[in-house]
Every structure is written in C-alpha cells, then in structure tokens.
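Protein chains get the first letters and strands the later ones, always in sequence-line order, with residue 1 at the start of each.
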2 protein chains.
Amino acid sequence: MKGIKNKKFIPNLSYDCVIFGFNGINLKILILEYHNTGLFALPGGFIKKNQSLQDAVNKGVEERTGIKNVFLDQFQVFGKPERSDPAAMHRILVANDKNLEKNEWMMDRFITVGHYALINYEDVNPKPDHLSDSIDWYDIDSVPKLMMDHNEIVNKALEVLRNNISEKIIGMNLLPIKFTMKQLQQVFEAILDQTLRRTSFQRKMLSLDILQRHEKLFEGKAHKAPYLYSFK
Amino acid sequence: MKGIKNKKFIPNLSYDCVIFGFNGINLKILILEYHNTGLFALPGGFIKKNQSLQDAVNKGVEERTGIKNVFLDQFQVFGKPERSDPAAMHRILVANDKNLEKNEWMMDRFITVGHYALINYEDVNPKPDHLSDSIDWYDIDSVPKLMMDHNEIVNKALEVLRNNISEKIIGMNLLPIKFTMKQLQQVFEAILDQTLRRTSFQRKMLSLDILQRHEKLFEGKAHKAPYLYSFK
DNA sequence: AATTATTGTCATAAAGTGAGACAATAGAAT
DNA sequence: ATTCTATTGTCTCACTTTATGACAATAATT
C-alpha cells in the first residue's frame with residue numbers, strides 16, 4: 001500500500017464553502033491563498049471519521065470567520081474524478097514543508113460537498129488556516145482563477161442563492177439585526193445583479209409580514225429619516 | 001487493521017435514490033426488500049474508486065429500472081454518523097451468505113448522497129439487485145418503515161420535488177411523450193396532494209408556452225375528445 | 001422660512017388568478 | 001337520425017397582485 005493510512009479523516013470526501021458577505025454595496029465571498037503557490041481556493045476541509053458533515057462544515061467556517069451558528073446550505077456534491085488535482089495539492093504540501101508520505105491521502109481523488117454560507121460582513125474577522133497565507137473578501141464579479149473546479153462551485157452557489165432562497169433568510173443573515181428598507185433592497189440588488197423598483201420592493205416586503213418596525217435612523221442627512229426594521 | 005480493505009469502492013460514501021413514478025392516479029416510489037430480513041430500503045449503492053458520482057447513480061437506477069438517461073436530481077447529503085446501522089447491514093450480509101470479513105467495510109459509517117429520479121412508470125421493469133428479494137412500487141402515502149434514515153430521505157425528496165421543480169421537468173419525465181391536459185393536471189395533483197382547478201390549470205399551462213398541441217385522442221368515450229400535448 | 005434629498009404611502013393601470021358559464025363534441029342511448 | 005351524457009376548450013367577470021408614477025412628509029442645510 002502506498003503511503004501511510006489516514007487515520008483521522010474520512011478518505012476521498014471533503015467539503016468546500018462559498019461564504020457570502022455584503023458590505024453595503026457589493027456581494028462578496030471569502031477566498032484563501034496558499035503559501036508560496038499563487039493558488040487560490042475556497043475554504044474547505046475534511047470530515048473526521050466520527051463527525052457529522054454539518055459539524056465539520058460549521059467548525060471550518062467558524063475557524064475562518066470567528067462566527068458561530070452561521071447559516072449554511074449544502075447545495076451540491078461535485079463528484080467527477082477529474083475534478084481532483086493531485087499536482088496542486090502536492091505543491092501546497094511542499095510549500096508548507098509538510099511530510100508528503102504522511103499526507104499522501106490528500107493527493108487522492110476527492111468528492112466534495114459544496115455549501116454556501118451567509119454571514120454578516122461586519123462581524124467577520126477572517127483568519128487563514130495553517131496552509132494559507134491569507135483569506136480575503138472578493139467581489140462576486142471579480143473572483144480570481146481558483147484551483148480545481150472551485151470557480152464552478154462559486155458559480156453554482158450563486159445560481160442557487162438567486163433561485164432558491166427566501167427573503168427572510170437572505171436578509172436575516174447578510175444584514176445587521178436592524179437595517180433600513182434601502183439596505184434590504186441593496187442586498188437583493190447585489191444578489192440578483194439588477195435594480196429593483198423601490199415602491200414595489202417596499203410594499204412586497206411589508207406585505208410578507210416578516211418585518212418588525214423600530215425607531216427611525218437619524219443619519220444626519222438632509223432628508224426624511226428611514227425606519228429601522230428587523231425580522232420577526 | 002480489522003477486516004480486508006475494500007479495493008473497489010470509495011469507502012464511507014454511498015448514494016440512495018428515491019425513484020418517483022406516476023401510474024395515472026398515484027405518485028409512487030420504488031422500494032426494495034432484502035432477502036430473509038424483512039428490511040425495506042431505497043435503491044442505492046456505492047461509487048467505484050475512479051467513477052463519477054453521477055455515473056454510479058445512473059448505472060444503479062438503470063440496473064433496477066431498465067431505463068437509461070433518467071432525470072436525476074441530487075438533493076441532499078445525509079451525513080450524521082448515527083444514521084448508519086451496522087447491525088442491519090450485518091443481517092443483510094448473513095441472510096445472503098456473504099463473507100463478513102470481506103464485506104466488513106459495508107458495516108462502517110456511511111455518508112450518503114440523496115437523489116431523486118423521475119421516470120415514466122409505463123417504461124419500467126423493476127429488477128431486484130443481488131442482495132434483494134424484490135423491488136416494488138409503493139404509493140407515496142403508504143411507504144413501509146424503511147431501514148436507517150431512508151424514510152427521512154423519502155420525505156425530504158418529496159418536499160424538494162414539491163418546492164423546487166418546474167412544470168416542464170415534472171411533466172416531461174413522469175408522463176409519456178404525448179399526454180392530455182387532464183393527465184398533466186393529475187400529475188400535479190398527485191405531487192402536491194391537492195386538487196387543482198381545471199380551467200385555471202389549463203390556462204396557466206398554455207400561457208407558459210411550453211406545450212405543443214397535437215392531434216386529438218379518441219378514447220371511445222362518449223364525450224369531446226381531448227387534444228394531446230407534448231413539451232416543446 | 002425655503003431648499004434638498006429621500007422616505008412612506010397612495011392612486012391608477014396592467015397583469016394574473018379564482019370561479020363559474022357555456023358552447024363544442026365523441027360516442028351511447030333512444 | 002335525433003337526443004343524451006360526460007368531458008373538453010374557451011370565455012367572462014370579479015378579485016387579487018404587481019408595476020409605475022405621483023405626492024406629501026420630513027431631517028438637515030441654506
């Protein structure tokens with residue numbers, strides 16, 4: 001048998017996560033860069049032999065963002081044998097002075113469970129993992145070339161986010177607890193990549209009966225102050 | 001190391017498939033029963049070490065139904081360690097006179113990728129696999145107690161089918177190529193488990209511009225003959 | 001007090017849906 | 001041949017939802 005058996009993790013199975021955040025203007029995702037390789041990738045990881053998939057992903061996202069109880073949706077499994085890239089993994093291990101024999105299992109084929117997360121941009125303090133130089137926010141429309149099929153995973157995540165998700169879940173996770181109607185509209189405009197009609201949007205949101213109205217927000221601007229809302 | 005290493009399949013990973021069919025009245029799914037165990041389960045299987053997930057599922061569905069190019073949607077991964085049931089697997093292996101040591105990997109923990117398939121009931125000739133007595137259609141509302149978390153997988157599949165799927169995909173895969181408006185309505189009523197208004201349904205379907213009208217169908221009944229339609 | 005920019009709400013038109021009416025018609029009954 | 005029956009295709013009218021523009025309210029500046 002080649003190499004040393006991997007005792008800790010389930011072999012051939014990984015997760016990757018597209019972590020969405022909203023800075024008030026653009027929709028962004030977190031991308032990490034591996035030491036001395038120029039390789040960019042999605043945050044991801046492996047599942048321990050006796051760990052639930054959900055727990056593995058939650059811990060991975062928490063480690064990199066510092067946020068607990070993140071909204072996560074497991075949206076697709078990527079299972080082609082060709083998607084794996086042992087050469088890239090080799091480069092990463094070498095660049096990090098890792099024992100190649102001990103980590104040989106990492107250069108095997110991987111089937112990955114694609115997730116996306118929605119988090120409040122303000123609350124995040126991104127931390128690179130032990131193999132990575134950096135982890136940073138990138139505008140969804142200027143994501144660099146990523147390793148393996150990670151660009152495909154990002155595109156699919158965005159597609160699913162656009163199609164499948166309810167108003168409440170999007171707003172609740174990408175915005176602070178209290179927000180203005182305009183901010184809520186901007187989140188939707190960023191996700192859908194199109195402008196929405198202000199009056200229709202406002203009427204729609206109010207009619208859904210998911211918002212609680214609070215005090216007004218006085219920003220010191222020379223116009224009527226908007227109400228703050230939160231989700232019920 | 002316990003047992004003999006599994007050389008053929010990716011360990012700890014399986015797929016399961018909820019195969020939906022429509023007999024003209026009820027929505028049904030295929031369920032198999034293992035020899036001499038009284039254990040019912042969804043059709044499922046493993047992924048070969050160098051096989052794509054999609055290929056594995058396609059082959060599994062084809063073997064059991066005889067149908068190629070089935071519509072498949074991979075809808076959720078079930079990844080809790082507790083979902084596995086080594087004792088049940090043990091029973092199945094014993095009842096089939098299988099070598100326990102050689103198949104020990106089957107009694108390990110499995111993460112499974114849940115799929116559902118939509119197929120034309122008429123075209124199917126269900127065939128049990130080598131571990132199973134039988135494979136049969138069951139009405140969606142009288143599914144027996146299944147092993148492991150398979151009932152949960154069925155429920156989730158139905159939920160996803162109800163929520164996420166377009167008119168065209170449902171009709172196209174659960175009906176013959178040509179069908180009447182009434183048949184199309186009955187598929188929707190079976191899936192949604194509610195009656196629909198005939199005139200509204202007809203107007204909606206025609207307005208979607210996905211149907212092609214063909215000749216009339218003369219069934220020998222004493223009333224106006226309906227048109228046949230197909231999807232564009 | 002007038003001005004500016006933006007907000008919350010209303011008015012009207014346009015599009016979509018629910019519910020029933022009705023004529024058309026394939027075959028059976030007479 | 002005519003009438004009858006069950007079902008289909010389409011239309012109408014009321015009702016609901018959505019689009020679009022108008023307008024008054026208002027926080028801070030001029």
*Asks:* Please list all pairs passing the ring-ring contact (aromatic ring centres under 6.0 Å, His included) test where one or both residues lie in residues 154-186 of chain A, with sequence neighbours left out.
*Replies:* Phe179(A)-Phe231(A)
*Asks:* Summarise how protein sits on nucleotides 7-18 of chain C as a single string, 5' to 3': B when a protein heavy atom is under 4.0 Å from the base, S for sugar-phosphate-only contact, - for no contact.
*Replies:* BBB-------BB
*Asks:* Would you tabulate the side-chain donor-acceptor contacts of residues 189-198 of chain B under 3.5 Å, counting partners in other chains and residues two or more places apart, or write 'none'?
*Replies:*
from      : atom 1 : to        : atom 2 : distance (Å)
Glu189(B) : OE2    : Gln185(B) : NE2    : 3.1
Glu189(B) : OE2    : Leu196(B) : N      : 2.8

*Asks:* Figure out the CG/P separation between Leu217(B) and dT7(D), and round it to whole Å.
*Replies:* 14 Å
*Asks:* Show every donor-acceptor pair shorter than 3.5 Å between a side-chain atom in residues 55-62 of chain A and any protein atom, with sequence neighbours excluded, or say none if there are none.
*Replies:*
from     : atom 1 : to       : atom 2 : distance (Å)
Asp55(A) : OD1    : Lys59(A) : NZ     : 3.3
Asp55(A) : OD2    : Gln51(A) : NE2    : 3.1
Asp55(A) : OD2    : Lys59(A) : NZ     : 3.0
Asn58(A) : ND2    : Gln54(A) : O      : 3.3

*Asks:* How would you list, by chain and number, every residue that makes a side chain to side chain donor-acceptor pair (under 3.5 Å) with Arg109(B), sequence neighbours excluded?
*Replies:* none
*Asks:* Tell me the interatomic distance from Lys216(A), atom NZ, to dA28(D), atom P, rounded to whole angstroms.
*Replies:* 10 Å
*Asks:* Could you tell me whether Glu159(A) and Arg162(A) have a side-chain N and a carboxylate O separated by less than 4.0 Å?
*Replies:* no
*Asks:* Could you tell me how far apart Gln185(A) (CD) and dT6(C) (P) are, to the nearest whole angstrom?
*Replies:* 13 Å
*Asks:* Can you tell me the distance, in whole Å, between the CD atom of Gln183(B) and the P atom of dT7(D)?
*Replies:* 15 Å
*Asks:* Side chains of residues 23-34 of chain B: which donor-acceptor pairs under 3.5 Å do they make with residues two or more places apart or in other chains?
*Replies:*
from     : atom 1 : to        : atom 2 : distance (Å)
Asn23(B) : OD1    : Ile25(B)  : N      : 2.8
Asn23(B) : OD1    : Asn26(B)  : N      : 2.7
Asn26(B) : ND2    : Asp139(B) : OD2    : 3.2
Lys28(B) : NZ     : Asp139(B) : OD1    : 2.6

